[in-house]
Amino acid sequence: VSDGFVDAPGELVLAAQLRAAKARDLAERLSSGSIPFASLLECRTAPTFDAVVLEIETEIPQIREHDIRAIERLAVCFDRDDSKTPEVVALREDFPETAHLYPPVDVTPKQLCVFEEEYAELRRRWTAAFFVRRVQDWLRLTARGELHAQDQPLEQALAGAGHRIILPHKLRTPADIGSTGDIIPLHVTDVDEHRGSLLILAAMADGASRRNLGRFSALSFTSSPHGPGVIATTPRTISELHAFLAATGDDLVATLRNRLLDWPRQPEALAAQLILIVRIPKRRDASAAIESIETWAFLGPSVQEVGNALGVWESTPAGIGLMIPVRSDRRGESASLDALAVHFRISRADAAQLNGRNAADDRRIVGIGAGALGSQVILNCAKAAFGRWTIIDRDRLLPHNVARHALGDLGVGYHKALVLANAANRLTDDEPAFEPVVADVLAPGAERATLEERLGTADLVVDLAASIPVAGYLANDARGAARCVSFFLNPVGSDLVMLAEDRERQIRLDVLEMQYYRSILREPRLRDHLRRPEGPIRYGRSCRDVTLRLPQALVALHAASAARQLASVADHDAAVIRICQADEESPEVSTIDVMGSPVNRRVLGAWTVLYDDQLLDTIQRLRRERLPNETGGILVGSFDIERKIIYVVDTIPSPVDSEERRTLYIRGCEGLQEQLSRARQQTFEQLEYVGEWHSHPDGFDCLPSGDDLNVLSWLTTHMDADGVPGVMMIGCERNQLAILLSQVAGA
Amino acid sequence: MHTVTFFPLGNADCCRIDLANGQKILFDYANTRCSDDPSDKRVDLAEELRADLKAAKRDFYEVVAFTHLDTDHFCKATEFFELRHATKYQGNDRIKINTMWVPAAAIYEDRADLAEEGRIIQAEARYRLEKGEGIRVFSRPAKLEEWLKSRGLTLESRSHLITDAGQLVPEFSLAAHGIEFFVHSPFASRQDDGTFIDRNTCSLVMQAVFEVLGRQTKLTLAADTTHDVWTEIVKITKFHSRSERLEWDLFKLPHHCSYLSLGPDKGKDKTVPVEAVRWIFEEQGQLGAIVVSSSDSIPTEDTDQPPHCQAANYYKDNRRQNGGTFIVTMEHPKVSAPEPLVVTIDHRKATVKKRAIAASVAVTSVSAPRAGASRS
């Protein structure tokens with residue numbers, strides 16, 4: 001006579017006779033009453049495991065989602081050698097079919113899926129009390145119907161033999177694809193088998209589809225809408241599945257029969273194993289809209305056997321013989337189905353959500369440079385669905401690159417832009433958002449039109465090329481009005497530099513670069529920022545050339561930081577220079593922020609002189625400090641001879657041996673060379689001498705005096721030897737500034 | 001989510017209602033524990049309540065109701081609460097009462113057997129009523145009016161502070177607070193046969209109705225009501241076609257599981273209730289409803305004092321047959337170590353909290369014991 005409970009497995013023993021230590025511990029603690037709301041019923045032992053039978057008082061509300069009782073009787077089976085998670089089995093015969101049961105769920109007794117963690121992890125925290133609390137939580141939340149955490153996708157726990165299938169994202173959304181009764185063929189593109197369990201990859205069989213493994217034939221069937229509630233029992237045959245679907249008027253058997261009549265009759269097509277995907281639109285009630293799609297997948301027998309089971313044909317030694325008419329008594333009873341756990345590929349929207357963003361960011365971004373830093377920044381953005389990118393790079397991925405490139409060995413020999421765009425596009429299951437352009441930005445050749453079009457329509461240009469000429473091109477020559485942001489590393493790779501233009505592009509990359517150099521002179525923490533790496537130095541290196549010996553972890557650190565900053569700076573208006581310094585000894589990263597200073601432009605003949613407000617402020621401050629006398633100093637900056645631009649960046653103030661009088665200034669030279677050479681060194685030769693400045697006292701205008709013109713001609717004599725003009729600036733009252741250039745022969 | 005907490009205080013009462021909006025309401029306060037007896041399993045009520053207030057960063061209750069002036073309903077309350085009528089009961093971290101609820105008798109009655117503490121609480125209630133603030137009095141018998149007159153006050157001037165049986169307490173509403181209080185007792189009523197029943201000396205009996213996401217949960221707070229009073233309450237409630245006011249999901253039993261709340265005869269094994277009480281327990285309890293006996297653990301044999309095992313047997317059988325639970329405060333979760341009984345109330349109605357708390361939570365929720373090398 002049943003008392004409503006099934007027996008736990010094994011022979012009855014005393015608690016002390018249990019051999020699994022965790023079983024004995026649980027039993028003894030239960031019997032001593034040290035665990036509240038739980039009590040020991042009996043202990044059992046079997047050849048490979050020990051079982052503890054206990055009763056747990058559950059925390060149940062008056063109104064229950066599932067029929068969990070106030071006291072539940074459970075058996076816990078502990079593996080003798082403690083190698084796997086103890087199994088928790090509900091012994092009550094009418095224990096409900098809830099979520100989070102191990103399949104099959106339509107059997108007695110049912111096994112509770114209490115733990116999601118790996119046992120290795122669980123073991124570290126396992127105590128009898130911990131275990132009982134977790135089971136109580138399972139029962140409490142199941143009673144309330146709240147066991148699914150809110151952010152967990154609701155998955156059908158149907159899996160039989162542990163097979164899984166990964167489906168295209170399109171099948172997940174109710175709209176668009178597959179109306180009621182439709183059958184959509186899918187392509188099985190990959191299958192992996194591990195110890196008898198299969199992982200099957202399926203894709204839409206549309207035009208862009210990749211290869212289809214002939215071993216499987218996948219069909220997706222969309223049923224009529226169903227109300228809430230889960231399937232009571234797992235269908236084990238096509239016939240049972242048909243019976244379930246027939247409740248809402250769908251005729252799966254007829255649909256499959258029609259499909260099979262059109263099936264190719266070649267032996268390999270008939271030998272393919274059928275994968276049947278059933279999509280069930282769900283809604284709250286008959287008048288409501290479809291809220292979600294529940295998807296089941298089953299692995300069936302071969303198409304030939306399915307045809308036999310549905311009475312469409314009969315196997316003969318010669319192949320198949322069509323049954324005319326169809327044998328209607330055969331309704332798939334002999335076509336057994338094995339449930340597959342269903343997973344979906346993710347969309348860009350999903351990727352954005354999983355990255356904590358509300359939606360994919362679809363702004364158009366041109367990314368230049370897919371090297372070590374570039375590839376990792378772009379992949380970080382791709383994974384977060386940040387931006388639709390055009391990736392421009394001219395290089396191929398070579399074997400030595402893989403040490404620090406995002407793509408590793410996958411794609412060695414191919415162009416970086418191509419493999420990177422491909423890898424980024426494959427992350428999500430929707431239209432490609434990454435477009436490769438194999439080109440050198442500075443010499444695009446055949447790609448010029450494409451490149452100009454992309455730059456012209458971009459919302460943002462991200463310069464990851466670690467090339468001063470590329471930044472110069474973007475600042476001065478490139479078409480389009482998109483704001484540019486540069487990221488590059490210092491030579492030893494310890495620091496990440498971001499130069500971000502303002503939205504109006506008043507302060508462009510080239511000017512920001514100069515202001516960045518000035519920061520290096522001014523900011524003590526940046527004194528060694530551009531130091532050369534140790535070891536042999538190649539001749540003619542650029543300051544943005546990164547050492548060949550550089551840990552990937554540092555690149556990854558900076559790439560992560562760059563991706564984060566990109567997302568925030570893209571929504572920010574102001575120009576900014578930011579240097580993130582990774583400490584050599586600790587994991588600390590500190591940040592130095594410098595706001596971009598507005599730039600002034602003076603065209604003098606063929607040359608343009610650029611200087612910013614900060615330089616102006618410096619000159620005026622030094623002038624005021626020495627009033628009523630004059631003062632001055634040398635100017636440091638940089639020449640862009642190709643574009644005939646002189647960037648005046650900073651001053652080395654008046655040397656101590658200078659003569660400063662009411663209307664006279666003779667710039668001295670004590671210590672000047674040392675200071676200049678330090679400035680050159682600290683900026684990797686990017687800043688150099690560009691000229692002289694001095695002040696006029698109050699009451700005098702900015703017009704150069706005879707003496708001033710003498711200085712200018714002195715400057716001409718000297719600078720002409722280098723083929724560049726020298727700059728002379730005169731600072732006067734009311735913030736006036738005169739700028740004169742020395743002559744260049746032939747200019 | 002609201003919670004209702006009952007404390008293991010032996011044969012004594014204290015029930016705290018914590019509303020989802022943070023408001024706290026206390027029904028009775030009887031800190032019965034002997035602090036110098038380590039074997040006393042009753043909780044230190046003052047300590048429990050203070051810890052809860054501290055966690056909520058407050059030093060007051062919106063309401064403290066004294067259902068009637070018996071010691072098992074106010075024991076040591078004068079040490080815990082700040083009383084407005086005398087400075088000696090003020091300061092020193094005493095807990096403030098925004099509004100005191102008392103039955104009318106607590107104002108006017110002049111009981112010879114009233115304990116000293118009862119007199120202090122009566123003085124406080126009288127002080128508040130005279131001042132005209134911080135109090136609500138239930139029922140308005142002639143004796144209350146007489147008392148007011150003796151203080152030079154009229155009933156009209158205080159009528160906004162008085163609620164009669166059959167009314168809702170005006171300070172709370174389902175819409176604004178998620179709770180309403182319906183008053184059953186004290187009461188007086190003219191019967192159909194012309195007789196006048198006066199139960200103004202009775203204790204405060206209320207139905208508290210919670211509402212969460214449109215679903216109601218009903219709590220009956222039954223003070224010390226006896227079967228004859230129940231019979232009258234049922235009769236009046238039915239007369240007014242308000243039987244839903246005697247529906248319940250959670251029932252705080254009157255008088256510590258005394259048989260007299262069920263019927264006149266204790267019975268040998270099981271008390272048989274009078275018809276009105278039978279109706280309440282057998283027809284008005286909702287699915288899965290919970291009966292709470294605020295009492296000592298149920299004895300195994302016949303006793304003079306409550307709790308009476310015969311009454312408990314009735315409630316146990318009644319709950320078993322209705323899929324509910326019968327819980328004794330001094331037996332929850334176990335006789336050897338009773339703890340406060342916490343019932344949460346949400347859209348799934350009432351749930352008795354049962355999860356054992358982890359040790360780390362337990363030890364960090366209180367101060368650690370004294371440690372150190374000093375030898376004092």
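Order of the sequence lines sets the chain letters (A, B, ...), proteins ahead of strands, with each chain counted from 1.
A distance below 6.0 Å separates the ring centres of A:Phe244 and A:His226. Proximity of the aromatic rings of A:Phe115 and A:Trp126 is defined here by a centroid distance below 6.0 angstrom, and this criterion is met.
In this structure, A:Arg73 satisfies the cation-pi test against A:Phe5, with its NZ or CZ atom closer than 6.0 Å to the six-membered ring centre and inside 45 degrees of the ring normal.
The number of heavy-atom neighbours closer than 6.0 Å to CD of B:Glu283, taken from other residues, nucleotides and ligands shown, is above 12. Within 6.0 Å of CZ in A:Arg124 there are 12 or fewer heavy atoms belonging to other residues, nucleotides or ligands.
Of the listed residues (A:Ile35, A:Thr58, A:Val132), the one with the most heavy-atom contacts under 4.5 Å to chain B is A:Thr58. Between chain A and the residues B:Pro333, B:Ala350, B:Gly324, the most heavy-atom pairs under 4.5 angstrom are made by B:Ala350. The choice from A:Arg69, A:Gln62, A:Glu57 that makes the most heavy-atom pairs within less than 4.5 Å of chain B is A:Gln62. Comparing B:Leu287, B:Asp249, B:Thr344 by heavy-atom pairs within less than 4.5 Å of chain A, the highest count is held by B:Asp249.
Aromatic ring pairs are classed by plane angle as parallel below 30°, tilted from 30° to 60° and perpendicular above 60°; the pair B:Phe181 and B:Phe172 is perpendicular.
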Discussion item. Pair A:Asp25, A:Lys22 - check salt bridge (charged side-chain N to carboxylate O under 4.0 Å, His left out), show working.
Written reply: CA-CA 5 Å; A:Asp25 179 51; A:Lys22 286 195 171 78; over 6 Å; no
Discussion item. Under the criterion salt bridge (charged side-chain N to carboxylate O under 4.0 Å, His left out), I'd like the reasoning laid out for A:Arg140 against A:Asp137: C-alpha separation, chi angles, the key distance, then a yes or no.
Written reply: CA-CA 5 Å; A:Arg140 174 173 63 91; A:Asp137 282 346; 3.2 Å; yes
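For the pair B:Thr271 and B:Asn313, the minimum side-chain heavy-atom distance is 4.5 Å or more. By the 4.5 Å heavy-atom criterion applied to side chains, B:Val291 and B:Leu253 are counted as neighbours.
Proximity to chain B involves both the backbone and the side chain of A:Arg144, based on heavy atoms less than 4.5 angstrom apart. With a 4.5 angstrom heavy-atom cutoff, B:Thr217 touches chain A only via side-chain atoms. Contact annotation for B:Asp346: only side-chain heavy atoms (C-beta onward) come within less than 4.5 Å of a heavy atom of chain A. Heavy atoms of B:Ala337 lying under 4.5 Å from chain A are absent altogether.
Against chain B, no residue from residues 75-86 of chain A qualifies, as none has a non-hydrogen atom under 4.5 angstrom away.
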